[in-house]
Amino acid sequence: MFDVAALGELLIDFTPAGVSNTGNDLFQKNPGGAPANVLVAVSRLGKKTAFVGMVGKDQFGFFLRDVLKDNGVDVSGLKFSENVNTTLAFVHLDKNGDRSFSFYRNPGADMMLKEEDLNYEVIDNSNIFHFGSISMTDEPSRSATLKAVEAAKNKGAIISYDPNLRPPLWKSLKDAKERIIEGLRYADILKVSDEEMEFITGTRDLQEGSSILYKMGIKLVLVTLGEDGCFYKYKKEIGKIDGFRVKVIDTTGAGDAFLGGVLYKICQKGICDISSIEKSEMEDIIRFANCVGALATTKKGAIPAMPTLNEVLDIMNFS
Ligand code: ADP
């Protein structure tokens, strides 16, 4: 049995790394993909995780497999495409330090995952199943994603969903909204930023937006607010849990670390219905997750920055 399995994109993020001595821009190869980051966060805290997805049968794909394995994530659900390369994303910084992305995904292996590729040994044997929306931008991975989520739900898994809106990856924002909402039908736990909440519900008002999501059937709505922590709606309750003050180096992966913290704590409870958790326990879970998210901002990168349980407990015991 796996504590948490996740399906989604796994790709290379090339981030700016200075200039060569011949004056050309340098890029650093980093593992990327939010669902994989969430799994590494959960693994590093001490739970059993597994990844479902596709990379190319190329050096980048093998590198990504090795990163997951080295971080304790089971890769029996990771497939290799024979004819489509691993997806790449390049991060560019303009003169003001603002980031933009170029995606090499026309197509990319991550979106080639088909229903026949799904590993049900993993999907059927997971207490929590997590997914995002990037695997729903294109076929065949869109149908494969929904099929896997449905199967996991039928087996009684708790379903976690982080839409992670990335407009350049969609044909149109209308398409993005429709597909993201389709994914909501399955979710027990939803993590969004306030911008994503507004995109889905049309309002940035936390109380109003989270109520709309709750009425759509989400049991736990988490709206993350960067350094300000997290607003939640759980059962009929709402509240805000403050973030931890830390020295921020790089916020990449903070949201994935936060969600990893939530899923880890829910696994610890050993329950199959999150509604059985008391409000005060849920607030403790979110406080813990805020700490995981905050710690992930204190180091560069996403996967290398995911904290261990001891690192989290050290900070929590001193606050
Ligand atoms: P995302 O990365 O998905 O946009 P956020 O930036 O809201 O998500 O970060 C997720 C969580 O990580 C926050 O709810 C908070 O707990 C923590 N976090 C993020 N940025 C900071 C920060 N600057 N200081 C402290 N905690 C942070």
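Every number for a ligand or one of its atoms is a count from 1 in the order of the listing.
- Distance screen at 4.0 Å: atom 4 (O) of ligand 1 has no protein heavy-atom neighbour inside the cut-off.
- A centroid separation of less than 6.0 Å is found between the aromatic rings of Phe14 and Phe60.
- The single protein non-hydrogen atom nearest to atom 9 (O) of ligand 1 is Ala254 CB, 3.8 Å, given as residue, atom name and distance.
- A parallel orientation is assigned to the rings of Phe288 and Tyr264, their planes being inclined by less than 30° (bins at 30° and 60°).
- Residues Ile285 and Leu309 do not share a hydrophobic cluster, defined by chaining ILVMFWY side chains whose heavy atoms lie under 4.5 Å apart.
- A salt bridge does not link Lys240 to Asp228: none of the charged nitrogens lies less than 4.0 Å from a carboxylate oxygen.
- Residue nearest to atom 15 (C) of ligand 1, selected from Cys230, Ala34, Ala257, Gly226: Gly226 (by heavy-atom distance).
- Taking 4.0 Å as the cut-off, Gly229 counts as a neighbour of ligand 1 on heavy-atom distance.
- Geometrically, ligand 1 and Ala289 share no nitrogen or oxygen pair separated by less than 3.5 Å.
- Phe258 CB, 3.8 Å is the protein heavy atom nearest to atom 11 (C) of ligand 1.
- Side-chain contact, Ser211 with Gln207: no donor N or O sits under 3.5 Å from an acceptor N or O.
- The side-chain heavy atoms of Ile238 and Lys233, taken from C-beta on, include a pair separated by under 4.5 Å.
- Neither the backbone nor the side chain of Ser193 has any atom closer than 4.0 Å to an atom of ligand 1 (non-hydrogen atoms only).
- Considering backbone and side-chain atoms alike, Thr297 places every N or O at 3.5 Å or more from each N or O of ligand 1.
- For the pair Lys191 and ligand 1, the shortest N or O to N or O distance falls below 3.5 Å.
- Among protein heavy atoms, the minimum distance from atom 2 (O) of ligand 1 is reached at Gly255 N, 3.1 Å.
- Near Leu225, the atoms of ligand 1 lying under 4.0 angstrom from a non-hydrogen atom of the residue are 7 (O), 14 (O).
- Ranking the protein heavy atoms by distance from atom 12 (O) of ligand 1 puts Gly293 CA, 3.5 Å first.
- Residue-environment remark: CD (Gln268) exceeds the threshold of 12 foreign heavy atoms within 6.0 Å.
- In the displayed structure, Lys153 atom NZ is contacted under 6.0 Å by more than 12 heavy atoms of other residues, nucleotides or ligands.
- For ligand 1, the atoms closer than 4.0 angstrom to any heavy atom of Asn290 are 14 (O), 15 (C), 16 (O).
- The pair Asp284-Arg287 counts as a salt bridge, with a side-chain nitrogen and a carboxylate oxygen less than 4.0 angstrom apart.
- Protein heavy atom at the shortest distance from atom 23 (N) of ligand 1 is Val248 CG2, 3.3 Å.
- If you number the atoms of ligand 1 from 1 as listed, the ones under 4.0 Å from a heavy atom of Phe244 come out as 24 (N), 25 (C), 26 (N).
- Protein heavy atom in closest approach to atom 8 (O) of ligand 1: Thr224 OG1, 3.3 Å.
- In this structure, Phe90 has its ring center closer than 6.0 angstrom to the ring center of Tyr104.
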